[in-house]
Structures are given as C-alpha cells and as structure tokens.
Amino acid sequence: MTADTLIYQKSHHGRRATAQAPAAVVACDIPAQFLRSPPPLMPEASEMQVVRHYTRLSQKNFSIDTHFYPLGSCTMKYNPRACNSLAMQTGFLDRHPLAPEATGQGFLACMYELQQILKTVTGMKGVSLTPMAGAQGEFAGVAMIRAYHDARGDQARREILVPDAAHGTNPATAVMCGFSVREIPTDAHGDVDLAALKEAVGPQTAGIMLTNPSTIGVFERNITEIAAIVHQAGGLLYYDGANLNAILGKVRPGDMGFDVIHLNLHKTFSTPHGGGGPGAGPVGVSERLLPFLPIPVVDRNSDGRYRWLTEQDCPQTIGRLSTFAGNAGILLRAYIYARLLGREGMQRVAEFATLNANYLMARLREAGFEPAFPKRRATHEFIITLKKQARELNVTAMDFAKRLLDYGYHAPTTYFPLLVPECFLIEPTESEDKDTLDGFVAALVAIQREAEADSARVKGAPYTLPVRRLDDVRAARELDLIWKHDNA
Amino acid sequence: MTADTLIYQKSHHGRRATAQAPAAVVACDIPAQFLRSPPPLMPEASEMQVVRHYTRLSQKNFSIDTHFYPLGSCTMKYNPRACNSLAMQTGFLDRHPLAPEATGQGFLACMYELQQILKTVTGMKGVSLTPMAGAQGEFAGVAMIRAYHDARGDQARREILVPDAAHGTNPATAVMCGFSVREIPTDAHGDVDLAALKEAVGPQTAGIMLTNPSTIGVFERNITEIAAIVHQAGGLLYYDGANLNAILGKVRPGDMGFDVIHLNLHKTFSTPHGGGGPGAGPVGVSERLLPFLPIPVVDRNSDGRYRWLTEQDCPQTIGRLSTFAGNAGILLRAYIYARLLGREGMQRVAEFATLNANYLMARLREAGFEPAFPKRRATHEFIITLKKQARELNVTAMDFAKRLLDYGYHAPTTYFPLLVPECFLIEPTESEDKDTLDGFVAALVAIQREAEADSARVKGAPYTLPVRRLDDVRAARELDLIWKHDNA
Amino acid sequence: MPFIPHTETDIRQMLDVIGVPTIETLFDEIPARLTQADISSIPSGLNEQATTRLLLQRAQQDAQPLCFLGAGAYEHHIPAAVWQIAARGEFYSAYTPYQAEASQGTLQLIYEYQSMMAHLTGMDVSNASLYDGGSALSEAVLMAVRANRSSKSRRILMPRTVHPHYRAATQAIVRNQDIILDELNFDLQHGVIDVASLPDAPGDFAALVIPQPNFFGALEDVDALTDWAHRHGALVIAVVNPLALALLKAPGQWGANGADIACGDGQPLGIPLSSGGPYFGFMCCKQAQVRQMPGRIVGRTVDLDGKTGYTLTLQAREQHIRRSKATSNICTNQGLMVTAATIHMALLGAEGLRRVALSSHDNLNGLLQRLQTLPGIERAFARRPFFHETVLRIKQRHVSQLLQTMLQDGVLGGLDLSRYYPELGNTLLLCVTETKTADDLDRYARSLATALQQ
Amino acid sequence: MPFIPHTETDIRQMLDVIGVPTIETLFDEIPARLTQADISSIPSGLNEQATTRLLLQRAQQDAQPLCFLGAGAYEHHIPAAVWQIAARGEFYSAYTPYQAEASQGTLQLIYEYQSMMAHLTGMDVSNASLYDGGSALSEAVLMAVRANRSSKSRRILMPRTVHPHYRAATQAIVRNQDIILDELNFDLQHGVIDVASLPDAPGDFAALVIPQPNFFGALEDVDALTDWAHRHGALVIAVVNPLALALLKAPGQWGANGADIACGDGQPLGIPLSSGGPYFGFMCCKQAQVRQMPGRIVGRTVDLDGKTGYTLTLQAREQHIRRSKATSNICTNQGLMVTAATIHMALLGAEGLRRVALSSHDNLNGLLQRLQTLPGIERAFARRPFFHETVLRIKQRHVSQLLQTMLQDGVLGGLDLSRYYPELGNTLLLCVTETKTADDLDRYARSLATALQQ
Ligand SMILES: Cc1ncc(COP(=O)(O)O)c(C=O)c1O
Ligand SMILES: Cc1ncc(COP(=O)(O)O)c(C=O)c1O
C-alpha cells in the first residue's frame, strides 16, 4: 500500500472503527419503501488506518505552517494557533444555532465586538458578518446596491462596471445579482483609465466594483476622482476587500468614498484557508445602505445583553444568505486575531506587508527580473512578468512556478491578473522574515540560470514532489471524479 | 535555510514571538549579585518561524500515526486520539498537584478506578500508580522486595536473579536497589534453565526478575516450577510487565505466582511513546508486599470521596518516587483506554496481538527467514535471526533494518535480546491489519533479493530518508552535544 | 510586534535596498488625506495570555443545555481523531490546491470525499463543497434553471416542508436573477406533500425541490414526487440529510430515474454545531450535468511518469476562467469542513453511519414512548413515517413559555414552530440523536412534565 | 473490536497460514490453569462517545480555583502552538529514536533542547531528560557520588530549604545504595542557609545540594555556598527553577568555578500543572563529567554523504548496553515534555522567559503591597531577596482553616507549611505568576481579608 493508495483501496469488507459507532439497533419502524439497499460504497477501515492515511496525506501538502506561500491576492500569512484552540472550546462548539440568545451571550459578545472593530477599521457605518466567503460578500454588496436602486424606484440601473484587472468573482457576482458587466480598461501605470470610465458611466450605471490596492498590486491613485465620477452618475462604489491587508489600519475604504465593502477575513484577519476554505466575507456599508444589510446582525440591548436582528427588525434587508448565521467559528477566529493585534498591530500589518513586498520587488529587480509596473510602488504585492524568459528561453511562468516547488517554495499566483503576460503575482505578507525572502530570490535566480543552461530541466519540474507535473488535459477529458468498485 | 537548519540558525537578535510574553517590567528588587548577565544563548524567532520549524521537524519522524513500527518489546500499537484530547481538558490540566483533594474528585475517581482495573487484570492485591516508567516501576518493585526482607530482619538476601535474556533495565535496577545480580541461562527452547536456577537460589536470594512472555518472545512454560523454586528458597518473584500485551486479560501474573509486577502503560495501555516518553509504570503487589507500596495511592472514603494515602497512612512505604504523584496525565490516558477497551477488549488485545505475531512468523518462515525458536509458538512477538545472511552475504541485521526504512517500515528491534545473533525482535501489535503485515513480508523478501544480487545496495541504505546512514562512531568520539555561537 | 518577525536591523537593511528612508515613504502614492485613518476606538492588542483568559471566560459563560433541538443542525458524536487531524497545519493552513503537485494531500482527500458523497447520494459526481445547506439549495436552483433544456421556465416548485431558512436563503439569492419560487403546501394531517393532490398540468417549472426527511422529520413520498416532476418536464432537486442517507433511499434511486441534483448540509458528518457554522454545503448530480455544476471538482489523472495524481478539473465552469459566464461566483468553499467530514465518514463507514442514524431514530422513539403518558401532548403527524425528528402539539401551555421553563432546567426542548408555521398552531419540533442516553431521555420527560404543570 | 482491524475473513486466512484452527490454540503452551483469568469485575467497554461524556463530566467537576500555589509546580501561560505541535502524531506516537535516520525530527529537537538547557544553566552539556525534579535530584546525588573522585564519601549535604518532596524522593531512591543525606538547617530569620555558620571542617561529603530559589522562594548565597563546598572537596548540585534562570545567575557561574551538576524540574517551561505530571527532570553538567551522567544524550554527526545529522550517543553509559554497570536504570524518559518545552523556549526566547520571570515576581510584589494593610500578616523572611514565591506568617487564624475558607471563595491561597516545617509556626507559602492580573491580586487580598475575619 503506497501512500497514494485511496482509503477505499485500504478497505476490507466488515472492518470498522468500532469505538466510533453506537451499538446496532435491530428494530426500525421506518417502512421498507423509504429505506436504501444496498448500503453506499464507503470505506471500511480501522481507526488507525484512517488516522495513518490522513496523517500521511496531510504531509503531501505545502502550507503556511511548512512553506513560504507567496500566493498573490491570497494573503497567506501566519494563522496564529491560539485562534484555533480558543475558537474550538466546547462552550462555543456545542451551541446550537437556534438555541435562545441567552445561551450564547459569550459568543454574541465576540460577534458584536467584531462588528464594531470591522466598522472602525473600514470606516463604514454598519457591518453584517454573515457572508461565508469573499464571493458571497461581493454578492451581498452588489445585491444591496441593487436593492438600494430598486428601493428608490430606479430600475434602469442594470449595469455594473468592473476594471479589466478584476478578480473573476467580480463579474460573476454582478451577473448573479442580475446585472450586466462592462469592463473598464487599465492605463499603462496600472490605474483605472479615467477617460474610459467617464465614457462608461450613465443612467444605466448601478455601480463599480473595485479593489484598492488593485489586483495588479498598485494603489489606485485616482480613487477620489473615480468616486466622484461614479457618484455623480448616480452609481455606487463597491470595494472588494481581498487586498485590505495592504492598508489595514492606515487607509479606510470608507474614507475613499466606497459605499459598500466586503472583507476577506481568511486573508486579512488570518483565519485559516483550510485547503480551500471556509472563509468569511463580512460586508460593511455606508449610511445609505444600512437598511439593506443581510441578516442576521448582532445588536446590543440597553441592558448590555446581545441579540440577533432578523427580518422583523430589518424589513428592507436583502435577506438571509446562509442557513443560520454564516461561518461563526471562522468569525470567532478573526475576532481573536483582532484582539491579539489590536489597533497598533493592524497598522503594522499594512506597514510590514508593504515593506516585505517592496523589498522583494527591489531584490528581484536587482536580480534581473522585470516588474510589470516598474515605476510604481509595490503595495502588499506586486507583479513580475516572465515574458522575456518565455520568449527567449521558452520557459514560461508555469515552468518557473513548478520548479520553485522543488526549491521548497510555493509558487506565486500565476497568470493572474490576465492582462499581464506570463506573470507572477507575488504577495509575501508581513509574517515572513528577510531570510526567507532572500532565499526565495536566490531560488528564482538559480532557476533563471537553469533555464538559461538547460531549459528542459526547468520544463520537466517538479522532480521532488509526490508527483511530477500532472496531465490537466487528460483530467478534463477523461473525467475520473469518483472511485468505483471497478476502478484501477 | 534548509529543513535541517537549527532553530538557533534561524534566529536574529531582537526577534521575538511577541504575543507570547508579558510586557517588560522595569523595576526589579532582586540585588544584582543574584542576577545573571549576559542572557542565555537562546533562539530568537517569530511565532511562525517556530511553528514552521517544528512542524517540518516532525515530518522527519517515523511514528505509529504514519508507519508500521514493529519494534519488539515496545508494543507500538495505535494510540487512540480520544485518550489525548480527553486527558488534555482544562479541568485536568489546570489542577495544581498540591491543591486540596476537594478540587480533584473527578481526577481522583479516574485514578482510583484505574488502580482497581489494574489490580484485577494483573491479579494483584494492591496497586500504586506513581512510578513514571517501566524502569522506575522495576525500581519500586525491587525496592519493595528489599523492604520486605529488611522488615523481616533478613539482611542476608542481597542477590537478585535475572535471566540472561532480560532487558538491561532489570540488572541495572537491581544494582540501584543495592543488590548484586546473578544471571540465569536460557535453555535451547527459550525457557529458563531450571537446573541452573535450582543451583543459583539460596539464602542470599532476594528474588528473581522475569518477563513472561520473555524477551525472546515465548511463554515461560515452567513458570509454576520457577515460582516454587524461588519461593521455597525464600525469594520473591518480580514480573517485568513490558510484555503484558501478550496475555492481557487472559493470563494474570498474580495467578502465576508473582509477588510484584510493574506495567508499562505506554506499551500495554497505549499511552503515547512521545519520541521517548513519558511513560507510566504502575506497580502491583501481592498481599505480603502491600505495606511497602510507594506513595501516594488513592483511597476511597466510606462517603465516596477520594483522597491520597501518604506516609501517615502507610508507615512502611518505600516512600515517594516522584515529586508529586507520577505521570498523572499519562495515567489518565491509560484510564481512558481501559474504559474504551473494557474487559472484552483487553482479552482481544492478547488474542490479536498473538494472532498477528504468529501469522507474521509463519509468513516469514515460509519466505525463508529463520525463526530463532522455530519449535515455539510466537507470543505477541518473535525473533528471526539473520545470521545466515550476515555470514553468507555479509549483510547484517542492521543493514536489513536500515533498508526497511526505505521501504516505508520502521525496523524491528535489532540486536536484542543479546543472546540471539543478528536478530530482529518483531512485535506487530494487534492494531495492524493483514495487508500491512503482508507488505512487510514482501519488503523483507525484496531486501533479501537485493542482498543476494547486490549487497552493497543494502549496506548503503537508507537512501530516501532525510539523512543517509549516520556516523555513530564520530558522534561518540567528537562529541558535539550543544549548539554554540561558533558552531558551523 | 505580534506575528511580525522584523528586527530593527532587518528593517534598516530592507529600506536601504528599496532606497527609501522610512516605511511611511512606501505609502507616498496614497493621497495624504486618506492616510489619516482614525481607528483609536479599536482596543489595544492583548497578548495571547490575556486573550486566552478572555475567551475562556466567554466560552465558559456559554455552557450549553442538554440539546433536543435539530431543525437542520444536529448534535452527533465526532471522533476525536477527526479534528486532531483536520487541524494539522498542512491541512489547516494550506490554500486552495492551485499547484496540484504541492497539494496532493488535499486533492486526494477531496477525490475521496467526492466518491463518498456520490455513493451516499447515489449520484454520479460530487463537487468539492459549497458554503452550507441553504446556499447549496440556491445554487441547485440556479443550476436546475441552467440545466433544464426541455423547459425555459424560471419557476421552481418549493414545498413549505423545506427548511424555512433554506427557502429564505434561496429566495434572497435567486430572486436577483428573476427566478420565482412557487410555494407548495403540505398536508396538515401528515406533514408531507400530498402527491395525490398535485395538479396534472402544473404549468412549466424548471424543477421541483424535494426534502427528505423534510423539515418536520417526516418522510416524503419521494418516488412518486420524483416521477410526477419528471413527467412534467421538471428536474428534481433532492435536499437531504446526508447522515439519513446511510439508512434512507438515495436520491439517485428515487422514482424511475432518480433525482437530478442532490444537495444539503454536510454538518451531520463530523461538524460541530458551533452556532451555525462553518458547516458545508454538498452537491451531487448526474454525469451528464457535471458541466452545469457550480464549485470546484477534483479529478484523477496521471503525471509525466504515468503515476496517479489528482488535480482541480473542469475549471472552465468557474469564475476565474469564465468570469461573467461562470456557473457561479463561488471561489473559496468550505475545504477544511470537507477534510473533517471525509475523515469522519472514513471512520464510521456505511455501517457506522447507519448505526448513528438508527440509534438516533430509536432514541426519538424511546423519548416519544416516555412522553405518551403525559397529558396534553400529541404528535402532529402521528401516522406518518419519520426520521429522528418530529412535531409535538402541546395543548395546555404556550410552547415558547414551555421551552423557556425547560431551558431554566438545563434542557433545550426543541424549536417553537409558531414563528415559521402559524398554520400548525402550538407545536414544537423535537429531535433526538445518538448522543442521548436513557437518563437523558428520562430527564427530558421529567423536565417537560414539570414545565407543563407550571 | 475497538482498535483491532481484523475481519472474519482475515482471521480465517491468518489461522490457515499459521495452521491452527482457532486463536485459542495459539495459547496452548500456557498451562491451562493459568488461562482462566477472571476479570469480570472490570467494566465492559464503552464507545468513544460514552467515554467522552464520562470524562467531560469528570473534568468539569474539577473546575479549578484561582491558583496562588507554587511549591514546585507553577502556573504559567503556555502558548497554544506548543501543544498543538507537540501533539502531532509524528512526535506523539514515535518511539525513542533508536533508528536515527527515521527519527531526525525528534533527534534534532533534542539537540536543540540540550543546547537551550546548557545555555540556560551555564553548563557544558545536558541530557535528554529524566522523569521529574525530585527523581532528577536523586540521580544527581548518585552521579555526584560516582563522579567525585577526590572523595570516597557516600554522604550528601542536603539543606532543609530543598523542596521536601525532592528530599523524600531522593531519600527513597538513594538509601538503597547506602547513601546518606545529611540535613542542613536554615536560618529561621532569613529562610536560607547561613553560610557563615557552616563548619570549617564539615567532614567528608560527596556533594552539597544548593536550591535556587529555595523552597521558600528565598535566594540562597549560591556563590559563597559553592566556594565553601568546593573548598571542602564536595561537588555542588544546583537544584534550580529553569524559568528563574532567565533572570538569576546560572549555576555554571556560581562562585569561582560554578556548580558541577544542575538539575531540576522543567515544568515551568510549557508543561501544564496537571495534578503533578507528566513533567520532566533536567540535568546538565560539565563536559568532564558527561560520561557519569545518566539518561540519553543526542549528538551531532554526519551521514555517509557528509551531511549533518543527529543520533543518540554515549550509549555505553546506559542500561541497554552496560546493564548492571550502567549509570542508571532509566530507559523511557519524558520525551514529549521535552518536545513541548523546546517549542516553548523557542517561542519565548531569553527575553520572553525573562519577562515571564520578572512579571511573576512583580506580581508577587504587587500582591504583597496589597496585603501590607492587613493586620496579623507578615512576611517570615522579610529582609531576604526572593523570587516570585514567599512565606507569610499568619497571626490570628490557623492557616489550614484560612486556606479552607479562601478555597470556598474560589481562591487557592497557598500551601500550609506546618506539615513540612513545624519550626516555622503558622505560615503559608504564597506564589504569584505572570498569569495573574491586577484584579486577581485584588481578589486574593479581599478573599484573605474576609477569611481572616471569620
Ligand atoms: C481580489 C479577490 N476578490 C475576491 C476574491 C474571492 O474571495 P473568496 O475566495 O473568499 O470567495 C478573491 C479570492 O481569491 C480575490 O483575490
Ligand atoms: C522488557 C522490558 N523491560 C523494561 C523496560 C523498561 O521500561 P521503560 O522504558 O518504561 O523504563 C522495557 C522497555 O523497553 C522493556 O522492553
């Protein structure tokens, strides 16, 4: 049994982790027509087999706890271990979501205080914690923009503006909210093309979705002008908070003129990425969008007790986006992180994330790599383009990325944003030290030498991981999505 | 920074895991003469560096949770994860050892019940949980034998008998208790040489230390005769419980005639080995040794409340072996395991540990490997000897052991017991499945083939681990035991 | 500086390399007006010790009553191994497996998860998770509208026996795309949809949603409902409790052709109650519709040497490729919950899950038996088969007061249904799981008896 | 069958290979009389859920009071990372690193541990741990007797200011080898050994034990004591609180030549109180005596390719090689505790440990200040420097009653010393650590004031 054997392949009929199940019940009053047979094909394994299998599988992952992971736009910073253990206390874990508020005053106090902290740090007037990831935060935000226009009887505003550099969730969200999308180009320096924007706005404009710093790693310098243009046209400004780490505690979206914002707590507030989630995407709004916040929201009574606000309290709410109240346990972790940092710590996040990115960009530039926007400051992240390497050596950004894995570094985000060819979007975060950044530069320099001397070496990477480069085309063409009895 | 860099080498002056320390205190009333300067040379690292460093270090270990680990005499069975999490509850962890018993009734109830369970399963009359590992259990046991003879005014008994196959702790313990040691030979079938024993006993005999099954993996068939011989000579019988897994719940040392016994809870009761401990080595005694049990022991008052017995209650006790009450948290884990198993589960431990060992021995014999005691049943473990391979192929047991690591199996115990040349002492434990045992046989067969075809390949192993074979001689000759500033 | 490793020397050297005098300078592209953020009302940082003290106290304050409340979130035993492994740094602190070669652990695990979920639901394929049950249903509705090629309808038949919060979430999400949820009433006598009363020509619907068990714990006539829907050109969206599927007929086997989409909340598979989240939504469908499915999907493939490996696949459906044409905007999903659930399912297996389901149901029956002698209590849908959850009608006392009294006694007695279903009168929804002992059931009965008398 | 993976088919196949009809047959070499063990009084097995319920209840029953008790076990903040990493399966479930190549994780960690401990104590080398503080002292005594080449004495000078339990454990362990512990009294006014009163010709002793801080929290004149012992041919065994060493003079620097052996309990370095264990004993010594040191030692070396690696070394001292001539019988030590302590020390560093020490001490001073106004309370050794622990003399009320009253108030007020030191009269030993806030100190003062008045 090699380590990549599936748990199904380690199964034997009749084997069980006996300590984990209750005794068998013989009698069952449910009529046969409702019952299944045969039983589902599930693994049959002992407790130790399961523990060993998943422990070994875990070792095949890169993660923050094991590797530098400079994935641009993802803010792979250290996840403090206390955030996990304190959120996983019995008192919190055992609480039923529909239990009376009296049984959850400790939990609700944390949620209320988190709302306050997020309001202050974003400069918004109200916050709802319920969205379960960034994309759902976007949905909530854009749905509120729609609800706002609808409430004013302005049904003509059915278009959302999105810069061409935007994350894919932005246009996808706009469509989910029933809008059509118009792309706005980026100018040569990475800012939104103001002329194009002016031309695009009009009575059909519901709003614009922006990240600032943008996904190309620079601060949108004309943000005040943009806000004026869109507001004057009657549209609202949506802030995608995925990049908030760059400015946390230093610059507030509310002060830039945004009407609505989501935060990615699994980025900026260091809740775990968990191999793909769960996240949390709270939304903050300015005064005029307050009535539309998704429910539930925590309120504090005059007697100091906490309670949920629901439809009854918020008749204009866009409604409920999750079965209960969003990813409560993740929100708890973010709250704990916020308390550990405090206001000074938040400002330092922005400062040192920015310092690390600018240092890394300077070092890479020195080493001969080409920043995509060489005239600009890096924010918490920046882009280099490997188009020269692709052209001259036939070694692509993907090849560099795979070879980096052999050097013990997770690759940066590749091929995003789409408008920069052969790009790496590099975000070191504030929690990495200088030695690590220097090691990363050295690795890229070494790969560059390899590419020059023997490009096949780089193109064949990785060599030292559990598998070599995988055949994605075959994966999509010969779909093999589940284990079946007759599988190899 | 490669993964084998020391945490010291990742340090930078002034770096700190800030969240972990209290604010600096300026004033200190302790006079300078008592204070140190300069500060000790300690790592200076960030929290993430520490987490990453030790997470990655952990990945360089074999362990039960990742590998088959058939280390004879060590009982590397599955450590149920519930034993860890339930023992690590705040109520247990926060209790001060000198806090009044009123604050620890839950904990003491567990300890009391554990004493009862261990008494029953060993067939002894009293149990003290305090010894902190097997060797300390041995110490307690042999010290009680001494106290017993001393209390009877029999000062002449200053010799302890030990079979030549005994674990090194046995003779070392006897000496720590002020005894001299006489070795008793093993006969050709692995039993104690009765004739030699009869000759050895006499008025100088304080007792004999035995394991049964013995360290050569067979059950001592003449145990009743041995007990008679030693008892008739006025000596007592000590049972080294390291191998209790073989007979748990089926055969009781008390019924064999033993006067005193220790258990290795970190073997038989599945508490973690932790990379070398902590263990727990409770001692059980027959009636006549009851007064000498080491303190503290838990008693139950008539009102159902629990309390510690101390010197006041046990004036003849051999005393206190630990600062407080031994490895309480480990005892809790053993208690939890005992409750999960129950009496039926305990018997099954013996049965399936024995089944696995006998199966593995049969398969290896089939495959051409030579059992050291081919006429005997295996107990929970057995020995194969690779003396033929060493002689004919110049491939030693050590070479086989190192090559097994490349195949993903921890090596069995090698070169113990000392009386079997080039031996593997193999203990699969009850928690391994048949496929794993089959895989292990296949690996040994493959290595045998390699040894025949290309012995250098085997002698150069391992190849796939973090390091290749280490230079032990240099380690002992050029002692490098701590990191210093000027180290490489 | 918590979680920031920089020493003074580091900072100096780094600024020198960049060529700026201070960190402040790095923010010089930002309009000065904007860098004056006042966040002084946020508390100062606490060290871990003080934070621990605070959070311990908050959690202790929330000591929980004995729980007989279900309604979409179920208290089950979670093996200790589940979270000890899921919380390992390599799972906990990894990102979405974009670099497949460096994420084989997560990817293989998701492939195993997809396999388990597909077999549990009797469907062909599964995605790698959605947010939760309610939002999964909304995605299923959107998918059904896309997938139903025979109908161009944007109408969905949504029974009132579906969890009210699922309906609310679905409504909030799909209404923006002009999709209409048509409410389907239930039989007040039996607490299920009366198939016989369904019209022969219901109009054009994209899909019928079928909950099993439904919100009342009652078992719907899933075969007849499925066939009825298919007869009328509607797809069938099954909303199921995945644990119940260890026992109940799998959606893939409903009626003649099986449900088309199965979704629900994975919480009963190893996820703590945790005030409602994080849980995870699951979604399975037929092979033919896999390209309409939202969310990530992992596929098995081979590497350059022909060795088996796992990778994200069918990404062309997703927002990062298809942008405004994507099947959904979902990006981050509930990965860590899937990790826990996969370990949980592997530990329990089909037989273990079945025992949990049966034992839960058996415990409910045990409790109902104890309540039989209490005057003024009756089951609202007494003749309908059910699973581990049921509706009690209370005669003498207002349910909300009754529950309040029981709570003071340390018992969370159920859910007051009057808020959600005024048509049912004074009723409560009661749930029992395998976590309850005979003593617990006695305690409930005693507590209820006492509360009734007050 | 909990934790046993065998299916019926497996069992059948395995028995066939062995060639026996039943598992019972495998026990046929055991005399029949012996296989009838009656263990029916052991309870039946519980599943994990029932066991969890039981243990949760037991732990909850033991909710702990606010702790002001030290006396050899100290409540300090332990970073969450410490046990989350130490409990990883690869550390938790590994054996002693006998196959070095497969245990580089544990081995490198121990090498780091040895380095930290040696630097903290100011000694040359450290072993890989002993059981706990008390048993470490007994091993130090045995080692001193072996190591002192200039004296053949089996007598040890053991001050009464050493922890009474350490003395008891040492006595129980060393008396079997006819080693005599000679008690050394302390100055009742200052709570320390009065160096001036030590005799000029004390007789022949193998070693003098010096605690720092001593059991009363008082600071001994370690320099003078060390020089006095060395002058008289005795070795010096330092018994120290390792956390205090972040602040106090290291044993290696005591007097002109430093202590010869430093030992103690590592509990303050990241180990929970846990009713007394598992903790770990540490031992450090001079390079010259490393071969007399008991316990495991890890050394750095190279592999076949010249790459750095770590391995157990100097095993010729140990029981598995030297058997009856070994330096000790110790085999299993406290590995996992060392893992935790190493992570703890790495997280805190010298400055962090120093802050913890200073803050603890400062908190004690803060509490003493609050108690100043209370009548009938005074410090027993008011003029002696001390560290984070001290002795209070109580005038009005019997200490045991006082502590009892405070306990009912949720405060663990200290240790009643009358049992251990009748010569001190009505006194209690009070300890404060960095875990206490100003509110906690107020609470103690209030509680004591109230208790005094009863
Ligand atoms: C710029 C940007 N916007 C939005 C998102 C979506 O956030 P989530 O993945 O939490 O849904 C991301 C996540 O990668 C992002 O980088
Ligand atoms: C037979 C035997 N006796 C005694 C011991 C010593 O036990 P411990 O290591 O717990 O001190 C062992 C441990 O390996 C052993 O195998």
Side-chain angles (χ1 to χ4, degrees), chain A residues 17 21-22 25 36 39-42 44 50 57-58 60-65 86 89 91 93-94 97 106 132-133 135 168 171-173 177-178 181 252 272-279 319-320 323-325 327-329 342-343 345 359 362 433-434 465-468 470 475 480-483, chain C residues 5 10 14 18 37 42 44-45 55 58-59 61-62 64 89-90 92-96 101-102 104-106 115 118-120 125 131 134 165 168 172 176 249 272 274-278 299-301 303-304 309 313 319-320 323-324 326 329 332-336 346-347 350 352 355 358-359 362:
Chain A
V25 171
R36 85 178 290 152
L41 181 62
M42 302 281 273
E44 301 184 72
V50 173
L57 270 193
S58 78
K60 296 180 165 197
N61 271 1
F62 278 36
S63 66
I64 306 175
D65 279 9
L86 295 176
Q89 295 180 82
L93 293 186
D94 287 358
M132 290 176 284
T173 297
C177 291
V181 175
R252 308 195 305 174
H273 281 92
R320 175 180 289 285
T323 312
F324 299 109
N327 285 335
R343 55 175 178 271
Y359 173 73
D433 61 56
K434 179 173 169 295
L465 274 81
V467 289
R468 294 193 55 204
L470 289 165
D480 174 355
L481 307 181
I482 71 166
W483 167 258
Chain C
D10 291 339
M14 294 170 83
I18 302 168
I42 295 176
S44 259
L55 270 291
R58 294 240 165 116
Q61 178 182 352
D62 288 358
Q64 292 304 313
E90 300 95 321
Y92 188 79
S93 74
Y95 203 78
T96 303
E101 297 84 358
Q104 286 296 298
T106 290
S115 305
H119 291 299
L120 202 52
V125 293
Y131 302 130
H165 288 193
N176 293 293
K249 192 181 276 189
S274 192
S275 285
R300 190 153 73 148
T301 183
D303 73 0
L304 276 180
T313 193
Q319 44 73 28
H320 65 282
R323 302 179 72 82
S324 63
N329 71 342
T332 291
N333 59 23
Q334 306 283 113
L336 195 64
L347 280 169
R355 287 192 183 188
L358 269 175
S359 161
D362 196 50

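Naming convention: chains lettered A, B, ... in sequence-line order (proteins, then strands); numbering from 1 in each chain.
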Notebook entry, point to check: Side chain, backbone, both or neither: which part of A:Val467 has an atom under 4.5 Å from a heavy atom of chain C?
Noted result: both

Determine the option with the most heavy-atom pairs under 4.5 angstrom with chain C, choosing from [options].
| options | value |
| --- | --- |
| A:Ala328, A:Gly178, A:Gly275 | A:Gly275 |
| A:Gly345, A:Ala135, A:Pro39, A:Ala133 | A:Ala135 |
| A:Pro97, A:Gly342, A:Pro466 | A:Pro97 |
| A:Pro40, A:Gly168, A:Gly319 | A:Gly168 |
| A:Asp65, A:Val181, A:Leu481, A:Leu86 | A:Leu481 |
| A:Ala172, A:Ala21, A:Ala17 | A:Ala172 |

Would the distance check show the side chain of [X] and the main-chain N or O of [Y] forming a donor-acceptor pair, the cut-off being under 3.5 Å?
| X | Y | value |
| --- | --- | --- |
| C:Asp303 | A:Arg468 | yes |
| C:Ser93 | A:Ser63 | no |
| C:Arg58 | A:Gly91 | no |

Of the listed residues ([options]), which shares the most heavy-atom pairs with chain A below a 4.5 Å separation?
| options | result |
| --- | --- |
| C:Gln104, C:Lys249, C:His119, C:His320 | C:His119 |
| C:Asp362, C:Leu55, C:Leu120 | C:Leu55 |
| C:Ala168, C:Ala326, C:Ala346 | C:Ala346 |
| C:Val125, C:Asn333, C:Leu358 | C:Asn333 |
| C:Ser115, C:Ala350, C:Gly309 | C:Ser115 |
| C:Ser324, C:Gly299, C:Ala118, C:Gly352 | C:Ser324 |

Nearest atoms (heavy-atom pairs only) where [X] meets [Y]:
| X | Y | answer |
| --- | --- | --- |
| C:Thr96 | A:Gly276 | OG1-CA, 3.3 Å |
| C:Pro278 | A:Pro278 | CB-CG, 3.6 Å |
| A:Pro272 | C:Tyr92 | CB-O, 3.2 Å |

Starting at [atom1] of [X], measure out to [atom2] of [Y] and round the result to the nearest 0.5 Å.
| X | Y | atom1 | atom2 | value |
| --- | --- | --- | --- | --- |
| C:Met14 | A:Lys434 | CE | NZ | 7.5 Å |
| A:His273 | C:Thr332 | NE2 | OG1 | 6.0 Å |
| C:Asn176 | A:Thr173 | CG | OG1 | 11.0 Å |
| A:Asn61 | C:Glu90 | CG | CD | 7.5 Å |
| A:Asp94 | C:Ser275 | CG | OG | 10.0 Å |

Check: Heavy-atom distance under 4.5 Å to chain A: side chain of C:Gln334, backbone, both or neither?
Finding: both

Next item on the list: Please state whether the side chain, the backbone, both or neither of C:Glu101 comes within less than 4.5 Å of a heavy atom of chain A.
Entry: both

Note to self: Looking only at the side chains, is there a donor atom on one of A:Gln89 and C:Asp62 sitting less than 3.5 Å from an acceptor on the other?
What the structure shows: no

Next item on the list: Go through the structure and list residues passing salt bridge (Lys or Arg N to Asp or Glu O under 4.0 Å) with A:Arg343, not counting sequence neighbours.
Entry: none

Check: How would you list, by chain and number, every residue that makes a side chain to side chain contact (heavy atoms under 4.5 Å, CB included) with C:Ala102, sequence neighbours excluded?
Finding: A:Phe62, A:Leu405, A:His410, A:Leu465, C:Gln99

